Amino acid sequence: MPELPEVESVLRCLRDAPISIIGRTVLKVNILRENVITGDQQQFVSALTGSVFKEIRRHGKYLFFRFTESCGTKSVWMMLHLRMTGKLFLVPENEAQLKHTRLSLLLDKGLALRFDDPRAFGRVQLVQSIAEITGRLGPDGLCLEQTELLQRLAKQKRQLKPLLLDQGFVAGIGNIYADEILFRAKLHPCSRADRLDSQELTLLCTAITEVLQQAVSLKGANIDGVFEAGMFPVAVYGRAKQPCPVCSALIQREKLAGRGTHFCPVCQICKI
DNA sequence: CACTCTACCTGTGCGC
DNA sequence: TGCGCACAGGTAGAGT
């Protein structure tokens, strides 16, 4: 499941592609599965056909592509969320299409931007302004101001795991990195934020930033059969009944907030 | 407000 | 070998 570090890797791949996506004209829009588009499909096709890629941004797990009309200056944004299994490819247009391609943008210079998504959870939407989406989100996980984060954390009465998963609190953390962050901070997923002492709060803030930054630098997580390129080593996620890398106690898995939650019962202390 | 449940999806991996 | 089924999870929206 792509989270902030994986989405950031996608963005950097596109930005660093041999033939840049910036400046490309959209020659044809091909929607291969109707519900991949939120909103009116005809409008989506007509808005993008003939328009030019100008810019790519990311906030949390959301990607935003800015286009302008070929002769004008009016901008429109394409929002893309990969959800569980979405993947984005910039490929030569003659490359064979994958089985689960949901959306394909044919570009000039013989390129195609393809969105492939077996589970079909991913969504694409046109917005006039990215604030339509980011207005509901907290600060991006890579741009956290530690003092402000500390103050916001200390006020929260919620359990740490659901809090970290709340995109309105911090944008970009998903199930994998929530577990990894709590392990690094040595905090139990059931602990309440407002019961932490100042040292623990600081530890948590540091862990959020460190885990996300390290995962970005390693191009995402390295999990069997889930991701390809990433080298970020998971300590607890998906490792139930395996020894904790710190104390060798067996990693425990429980369902919390409806999510599989992995933690070390010895290293991670609970403050309810 | 805080929390839980459900729908949306389909590939995977298990038990029988 | 193959069938059926539970399971995985991000988000929105409804319900408690």
Side-chain angles (χ1 to χ4, degrees), chain A residues 1-10 31-39 41 58-64 79-88 98-103 115-125 127 130 132-138 140-141 152-182 188-196 212 215 220-228 230 234 236-242 251-263 271-272:
Chain A
M1 357 39 262
E3 303 179 24
L4 186 155
E6 289 76 25
V7 179
E8 177 67 17
S9 293
V10 170
I31 299 170
L32 295 115
R33 185 176 172 125
E34 294 188 8
N35 64 359
V36 71
I37 308 292
T38 298
Q41 289 180 53
R58 181 193 57 74
H59 189 105
K61 304 171 202 171
Y62 293 80
L63 281 173
F64 299 95
M79 179 280 278
L80 173 71
H81 196 301
L82 301 169
R83 292 283 184 103
M84 310 294 303
T85 53
K87 284 184 175 153
L88 203 56
L98 293 169
K99 191 179 170 187
H100 301 291
T101 298
R102 309 303 188 191
L103 174 69
F115 175 52
D116 189 83
D117 186 14
R119 295 269 274 281
F121 265 31
R123 289 294 179 265
V124 181
Q125 185 183 349
V127 290
I130 59 173
E132 287 176 38
I133 306 292
T134 58
R136 294 183 267 113
L137 303 175
D140 180 75
R152 292 177 63 219
L153 260 176
K155 280 187 247 167
Q156 291 287 333
K157 296 173 182 172
R158 313 159 62 181
Q159 293 177 317
L160 296 178
K161 172 80 183 233
L163 179 60
L164 290 181
L165 290 176
D166 183 353
Q167 302 302 299
F169 186 72
V170 170
I173 301 170
N175 205 33
I176 297 168
Y177 292 106
D179 285 359
E180 295 302 313
I181 286 165
L182 291 174
H188 195 285
C190 292
S191 292
R192 274 175 55 159
D194 62 346
R195 301 291 164 86
L196 303 180
L212 293 178
N222 181 7
I223 294 170
D224 287 350
V226 180
F227 302 126
E228 286 146 25
V234 291
V236 289
Y237 180 83
R239 298 176 58 88
K241 296 176 187 171
Q242 294 181 46
I251 301 299
Q252 216 164 304
R253 182 182 193 279
E254 272 178 34
K255 212 160 180 116
L256 178 57
R259 306 294 153 77
T261 298
H262 314 73
F263 60 97
K271 286 210 167 181
I272 297 175

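This is a predicted model, so every value here is computed, not measured. We name chains A, B, ... by the order of the sequence lines, and we start the count at 1 in each one.
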Chemist: Using heavy-atom distances to pick each residue's nearest nucleotide on DNA chain C, tell me which of A:Arg253 and A:Tyr62 is more 5'.
Modeler: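 The answer here is A:Arg253.
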Chemist: Quantified as the angle between the terminal helix axes (five pairs each), what is the overall bend of the helix from B:dA2-C:dT16 to B:dC16-C:dG2 to 10 degrees?
Modeler: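 Axis angle across the helix from B:dA2-C:dT16 to B:dC16-C:dG2, nearest 10°: 60°.
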Chemist: Mapping A:Gln159 and A:Arg83 to their closest nucleotides on DNA chain B, which lands nearer the 5' end?
Modeler: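 Per heavy-atom nearest nucleotide, the more 5' residue is A:Gln159.
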Chemist: Specify the separation, in whole Å, of atom NE2 of A:His262 and atom P of C:dC7.
Modeler: 14 Å
Chemist: Between A:Arg259 (CZ) and C:dG10 (P), how many Å, whole number?
Modeler: 5 Å
Chemist: Below 4.0 angstrom, N of the basic side chain to O of the carboxylate: do A:Glu3 and A:Lys61 qualify?
Modeler: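 A salt bridge is absent here (no side-chain N lies under 4.0 Å from a carboxylate O).
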Chemist: Between A:Lys157 and B:dC3, is there a side-chain N or O to OP1/OP2 distance below 4.0 Å?
Modeler: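 No, outside the criterion.
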Chemist: Answer yes if the side chains of A:Glu6 and A:Tyr177 hold a donor-acceptor pair under 3.5 Å, and no otherwise.
Modeler: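 Side-chain D/A pair, A:Glu6 to A:Tyr177: present.
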Chemist: Within this structure, what is the CG-to-P distance between A:Leu165 and B:dA2, rounded to whole angstrom?
Modeler: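 Checked: the CG to P distance equals 16 Å.
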Chemist: Hey, mind stepping through A:Gln125 and A:Arg123 against side chain to side chain contact (heavy atoms under 4.5 Å, CB included) and telling me if it holds?
Modeler: CA-CA 7 Å; A:Gln125 185 183 349; A:Arg123 289 294 179 265; over 6 Å; no
Chemist: Counting the atoms with a prime plus P, OP1 and OP2 as sugar-phosphate, which does A:Arg158 contact under 4.0 Å by heavy atoms, base, sugar-phosphate, or nothing?
Modeler: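 Result for A:Arg158 = sugar-phosphate.
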Chemist: Without decimals, in angstroms, what is the distance between A:Arg192 CZ and B:dC3 C1'?
Modeler: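 Spelled out: CZ on A:Arg192 to C1' on B:dC3 is 13 Å.
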Chemist: Please tell me if A:Arg136 has a side-chain N or O lying less than 4.0 Å from either OP1 or OP2 of C:dA12.
Modeler: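 Indeed, a polar side-chain atom of A:Arg136 lies that close.
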Chemist: Check whether any side-chain N or O of A:His81 sits under 4.0 Å from OP1 or OP2 of C:dT11, and answer yes or no.
Modeler: yes
Chemist: Would you call A:Arg158-A:Asp166 a salt bridge at under 4.0 Å N-O?
Modeler: yes
Chemist: With a 4.5 Å heavy-atom cut-off, do A:Leu153 and A:Phe169 have their side chains touching?
Modeler: yes
Chemist: OP1 or OP2 of C:dT11 sitting under 4.0 Å from any side-chain N/O of A:Gln167?
Modeler: yes
Chemist: Nearest whole angstrom, please: distance from the P of C:dG10 to the CE of A:Met79.
Modeler: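 Spelled out: CE on A:Met79 to P on C:dG10 is 16 Å.
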Chemist: Cut-off 3.5 Å, side chains only: do A:Asp179 and A:His262 have a donor facing an acceptor?
Modeler: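 Per modelled atom types, A:Asp179 and A:His262 side chains form a pair under 3.5 Å.
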Chemist: So that I know where these two stand, are A:His59 and A:Phe64 an aromatic pair - ring centroids less than 6.0 Å apart?
Modeler: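 No, ring centres 6.0 Å or more apart.
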Chemist: I want to check one thing: is the phosphate of C:dG10, taken as OP1 and OP2, less than 4.0 Å away from some side-chain N or O of A:Tyr177?
Modeler: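 The answer is no; no side-chain N or O of A:Tyr177 sits under 4.0 Å from OP1 or OP2.
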Chemist: For every nucleotide of nucleotides 10-15 of chain B, 5' to 3': is a protein heavy atom under 4.0 Å from its base (B), only from its sugar-phosphate (S), or from neither (-)?
Modeler: BS----
Chemist: Please check this pair: side chain of A:Ser191 against backbone of A:Pro189, looking for a donor-acceptor N/O pair closer than 3.5 Å.
Modeler: no
Chemist: Please state how far atom CZ in A:Phe121 lies from atom P in B:dC8, giving the value in whole angstrom units.
Modeler: 10 Å
Chemist: Distance-only, no hydrogens or angles: does the A:Arg102 side chain make a donor-acceptor pair with backbone N or O of A:Leu32 under 3.5 Å?
Modeler: no
Chemist: Taking atom C1' of C:dA8 as reference, at what distance in whole Å does atom CG of A:Leu256 sit?
Modeler: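 It works out to 16 Å between those atoms.
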Chemist: What's the CZ-P distance between A:Phe169 and C:dG10, to the nearest Å?
Modeler: 18 Å
Chemist: Just to be sure I understand the rule, does A:Gly258 reach a base, reach only the sugar-phosphate, or reach nothing, if contact means heavy atoms closer than 4.0 Å?
Modeler: nothing
Chemist: For the backbone of A:Gly39 and the side chain of A:Gln41, can you confirm whether one donor and one acceptor N or O come within less than 3.5 Å of each other?
Modeler: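 Not a single qualifying donor-acceptor pair exists.
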Chemist: Between B:dT4, C:dG9, B:dC9, which one does the side chain of A:Met84 approach most closely?
Modeler: C:dG9
